[in-house]
Amino acid sequence: TIFKSIRKFIIFQLTVNLCALSISIIGPFIGVDTPVTVIQMLWINMVMDTLAALAFAFEPPLKEYMYEKPKKKDEKIMNSYMVSEILITGFYTTILCVLFLKVPFIKNLFLSNESFMTAFFGLFIFAGLFNSFSAHTSRINILAHILKNKMFIVIMAFIVIVQIMLMYYGGEMFRTVPLTLKEFLIMILFAISVVPVDI
């Protein structure tokens, strides 16, 4: 169970890190110098590292694990399933973020540049949040056994609440302005697209 929990956390963390790194590198080349501010990145890192580690640390020991062969001493932590999930979801999230930033049609869906950049901040966090559910299980049903890890649900709910508060009340410190319901739903629809891609 511990071994599997480590793998799940690595899938989640490297996927988000791959996207964060790619956006930071690509951003200046596509005319967006600071797609994510330093303060926003601190919150993103807290979600990726501390909170996600806690969430995956409470993964339950499932009965089905007892039917698996024992792990070999020299078994690698990274396997092909993990690599494919990290690369495919990581690069998809990067492409999603780049398109979100650069396609005029998408930008026109928002009332102002401030609300557009607020939505981008939300997109980044919520895409990672939805990805955490995919990383939580290798099954197609991303909610499989979710109720057995109540801490996971509590932490993800905490992240959602804090993220919404930062988006609506973060002000100049977090470079955010309140979004309309339509703008918020558009952002969520883009973010949730990582789930079918990951499946």
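Numbering of residues begins at 1 and proceeds along the displayed sequence.
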Under 4.0 Å between a side-chain nitrogen and a carboxylate oxygen: does that hold for E68 and K4? yes

Should F126 and L101 be counted in the same cluster of Ile, Leu, Val, Met, Phe, Trp and Tyr side chains packed under 4.5 Å apart? yes

Consider only side-chain N and O atoms of E59 and H136, and report whether a donor and an acceptor are under 3.5 Å apart. yes

Test item: side-chain donor near acceptor, T89 and N131, under 3.5 Å: no

Quick one, S132 with K8, criterion side-chain contact (heavy atoms from CB on, under 4.5 Å). Give me CA distance, side-chain angles, the key distance, then yes/no. CA-CA 9 Å; S132 70; K8 291 173 184 180; over 6 Å; no

Run the numbers on M187 and F190 for side-chain contact (heavy atoms from CB on, under 4.5 Å), then give the verdict. CA-CA 5 Å; M187 178 268 296; F190 276 105; 6.0 Å; no

Are F152 and F56 close enough that their ring centres sit under 6.0 Å apart? yes

Test of understanding: with salt bridge (charged side-chain N to carboxylate O under 4.0 Å, His left out), list the residues that count as partners of K69, not counting sequence neighbours. none

Go through M173 and T37 one step at a time and tell me if the side-chain contact (heavy atoms from CB on, under 4.5 Å) criterion holds. CA-CA 9 Å; M173 180 180 284; T37 67; over 6 Å; no

With K150 as the cation and F58 as the aromatic partner, state whether NZ or CZ is under 6.0 Å from the six-membered ring centre and within 45° of the axis. no

Could you go through Y65 and L62, starting from their C-alpha distance and side-chain angles, then the distance that decides it, and tell me whether this counts as side-chain contact (heavy atoms from CB on, under 4.5 Å)? CA-CA 6 Å; Y65 296 168; L62 302 176; 3.7 Å; yes

I'd like to know whether Y92 forms a side-chain hydrogen bond (donor to acceptor under 3.5 Å, both in side chains) with S193, so could you lay out the CA-CA distance, the side-chain angles of the two residues, the decisive distance to 0.1 Å, and finally the verdict. CA-CA 10 Å; Y92 170 75; S193 67; 2.6 Å; yes

Between A144 and T137, the two heavy atoms sitting closest are CB-OG1, 4.1 Å

Tabulate below the donor-acceptor pairs under 3.5 Å that side-chain atoms of residues 19-26 make, not counting sequence neighbours, or state none.
{"from": "S22", "atom 1": "OG", "to": "L18", "atom 2": "O", "distance (Å)": "2.7"}
{"from": "S24", "atom 1": "OG", "to": "A20", "atom 2": "O", "distance (Å)": "2.9"}

Any chance you could measure M48, atom CE, to T15, atom OG1, to the nearest 0.5 Å? 11.0 Å

Show every donor-acceptor pair shorter than 3.5 Å between a side-chain atom in residues 102-123 and any protein atom, with sequence neighbours excluded, or say none if there are none.
{"from": "K102", "atom 1": "NZ", "to": "I30", "atom 2": "O", "distance (Å)": "2.7"}
{"from": "K107", "atom 1": "NZ", "to": "N113", "atom 2": "OD1", "distance (Å)": "3.3"}
{"from": "N108", "atom 1": "ND2", "to": "P104", "atom 2": "O", "distance (Å)": "3.2"}
{"from": "S112", "atom 1": "OG", "to": "E114", "atom 2": "OE1", "distance (Å)": "3.4"}
{"from": "S112", "atom 1": "OG", "to": "S115", "atom 2": "N", "distance (Å)": "3.2"}
{"from": "S112", "atom 1": "OG", "to": "S115", "atom 2": "OG", "distance (Å)": "3.3"}
{"from": "S115", "atom 1": "OG", "to": "S112", "atom 2": "N", "distance (Å)": "3.0"}
{"from": "S115", "atom 1": "OG", "to": "S112", "atom 2": "O", "distance (Å)": "2.8"}
{"from": "S115", "atom 1": "OG", "to": "E183", "atom 2": "OE2", "distance (Å)": "3.4"}
{"from": "T118", "atom 1": "OG1", "to": "E114", "atom 2": "O", "distance (Å)": "2.8"}
{"from": "T118", "atom 1": "OG1", "to": "V177", "atom 2": "N", "distance (Å)": "2.9"}

